[in-house]
Amino acid sequence: LWPWLLASSGLSALVQLVTLPFFPDSPSYLLIQKGNEEACRKAIRKLWGEGDHQAEIDDIMKEKVTMTSTKTLRVLEVIKERSLRWQLYILMTVMTTLQLCGINAIYFYSFEVFHTAKFEEYLIPYVSLGVGLCECLSSILCSTLIDRFGRKVLLWGGYTLMCSVLALLTMTLSLQHQFFWLHYFSVILIFLFVVFYGIGP
């Protein structure tokens with residue numbers, strides 16, 4: 001079954017490859033990059049239907065003016081620019097914590113945790129698939145929550161809950177040989193960690 005599941009991603013790629021030539025170019029790309037206003041209007045009509053779309057074209061023209069007046073910085077110039085220093089620190093912190101948050105370790109060791117929890121060998125791949133499905137669903141949920149609570153709340157909340165779950169998971173894995181029910185609690189914690197990861201970072 002796993003070879004078929006891995007091959008299924010090729011199906012979506014094939015659908016995109018076949019259908020992509022029939023999609024219109026981005027109106028902003030046509031107007032800003034290509035400078036072709038007529039093609040931009042045609043793309044807008046194809047995307048949004050007939051009607052007066054002058055307001056959208058005016059917005060794209062304002063964006064074009066802003067882009068032409070903004071200087072493009074090289075990597076070293078971005079690093080040296082004092083006005084961008086805090087944004088750079090925040091970006092580096094978020095990216096570093098994302099890499100070190102433990103999600104890769106959870107995915108790597110989840111098979112062993114499921115095996116220790118006495119799941120049947122043939123069921124473990126499906127439980128692992130459920131973990132991936134949890135991440136997918138929680139990411140979709142995050143897209144609805146981000147407008148209501150904001151990115152900062154979701155980041156802080158996600159990391160806080162992930163730290164709590166990791167602390168509990170460390171305890172359950174350490175004590176699982178003394179209490180048999182902790183195996184199942186560890187599995188629940190893995191699912192919770194993935195859900196909080198999808199909602200937060």
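Small disclaimer: the values here were computed from a predicted structure and weren't measured.
- Here side chain to side chain donor-acceptor pair (under 3.5 Å) pairs that include residues 19-28, with residues two or more places apart or in two chains, are S26-S28.
- Hydrophobic cluster membership differs between I32 and Y29, with clusters built from Ile, Leu, Val, Met, Phe, Trp and Tyr side chains linked at under 4.5 angstrom.
- Residue pairs meeting the side chain to side chain donor-acceptor pair (under 3.5 Å) criterion with at least one member in residues 141-158: none, sequence neighbours excluded.
- The stretch residues 97-106 participates, sequence neighbours left out, in these side chain to side chain donor-acceptor pair (under 3.5 Å) pairs: T97-Y159.
- M95 is not connected to L88 by any chain of hydrophobic side-chain contacts under 4.5 Å among Ile, Leu, Val, Met, Phe, Trp and Tyr, and they are in different clusters.
- At a threshold of 4.5 Å between side-chain heavy atoms, the hydrophobic network of Ile, Leu, Val, Met, Phe, Trp and Tyr places F111 and L129 in two separate groups.
- The two residues M162 and Y197 have their closest heavy-atom pair at SD-CA, 3.7 Å.
- Residues forming a salt bridge (Lys or Arg N to Asp or Glu O under 4.0 Å) with E121 (at least two apart in sequence, or on another chain): none.
- The line from CZ of R74 to NZ of K80 is 11.0 Å long, rounded to the nearest 0.5 Å.
- The list of side chain to side chain donor-acceptor pair (under 3.5 Å) pairs with a residue in residues 167-189, not counting sequence neighbours, reads T172-S186, Q176-H183.
- Closest approach of A43 to P27, counting heavy atoms only: CB-CG, 4.2 Å.
- Applying the side-chain hydrogen bond (donor to acceptor under 3.5 Å, both in side chains) criterion to E112, with sequence neighbours excluded, gives no partner residue.
- Applying the ring pair (Phe, Tyr, Trp, His ring centres under 6.0 Å) test to Y122 and every residue at least two apart in sequence or in another chain returns nothing.
- Taking the six-membered ring where the residue is Trp, F114 and F191 present tilted rings, their angle falling between 30° and 60°.
- Linking ILVMFWY residues whenever their side-chain heavy atoms come closer than 4.5 Å, directly or via other members, places V127 and L182 in the same cluster.
- Rounding to the nearest 0.5 Å gives a distance of 8.5 Å between CG of L189 and CG of L173.
- Residue pairs meeting the salt bridge (charged side-chain N to carboxylate O under 4.0 Å, His left out) criterion with at least one partner in residues 26-38, sequence neighbours excluded, are E37-R41, E38-R45.
- Under the side-chain contact (heavy atoms from CB on, under 4.5 Å) test applied with I190, the options V113, V195, V165 reduce to a single match, V113.
- Of all non-hydrogen atoms in F22 and K46, the two that sit nearest each other are O-NZ, 3.5 Å.
- Separating the CE atom in M171 from the CZ atom in F185 is a distance of 9.0 Å, to the nearest 0.5 Å.
- Two residues are said to be in side-chain contact when any heavy atoms from C-beta on lie closer than 4.5 Å; L169 and I106 meet this criterion.
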Identify all side-chain donor-acceptor contacts of residues 130-139 below 3.5 Å with residues at least two apart in sequence or on another chain.
unit_1	atom_1	unit_2	atom_2	d
E135	OE1	Y107	OH	2.3
S138	OG	C134	O	3.0
S138	OG	E135	O	2.9
S139	OG	E135	O	2.8

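- Heavy-atom minimum distance, L155 versus G200: CD2-O, 4.3 Å.
- In this structure D59 satisfies the side chain to side chain contact (heavy atoms under 4.5 Å, CB included) test together with K62, sequence neighbours excluded.
- From L166, atom CG reaches atom CD1 of I103 across 9.0 Å, with rounding to the nearest 0.5 Å.
- Residues L30 and L47 are members of separate hydrophobic clusters, defined by side-chain heavy-atom contacts under 4.5 angstrom among Ile, Leu, Val, Met, Phe, Trp and Tyr.
- Under the side chain to side chain contact (heavy atoms under 4.5 Å, CB included) criterion, L154 pairs with C142, L145, I146, I199, not counting sequence neighbours.
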Can I get a per-line list of side-chain donor-acceptor pairs under 3.5 Å for residues 5-17, giving both atom names and the distance, sequence neighbours left out?
unit_1	atom_1	unit_2	atom_2	d
S8	OG	L5	O	2.5
S9	OG	L6	O	2.8
S12	OG	S9	O	2.8

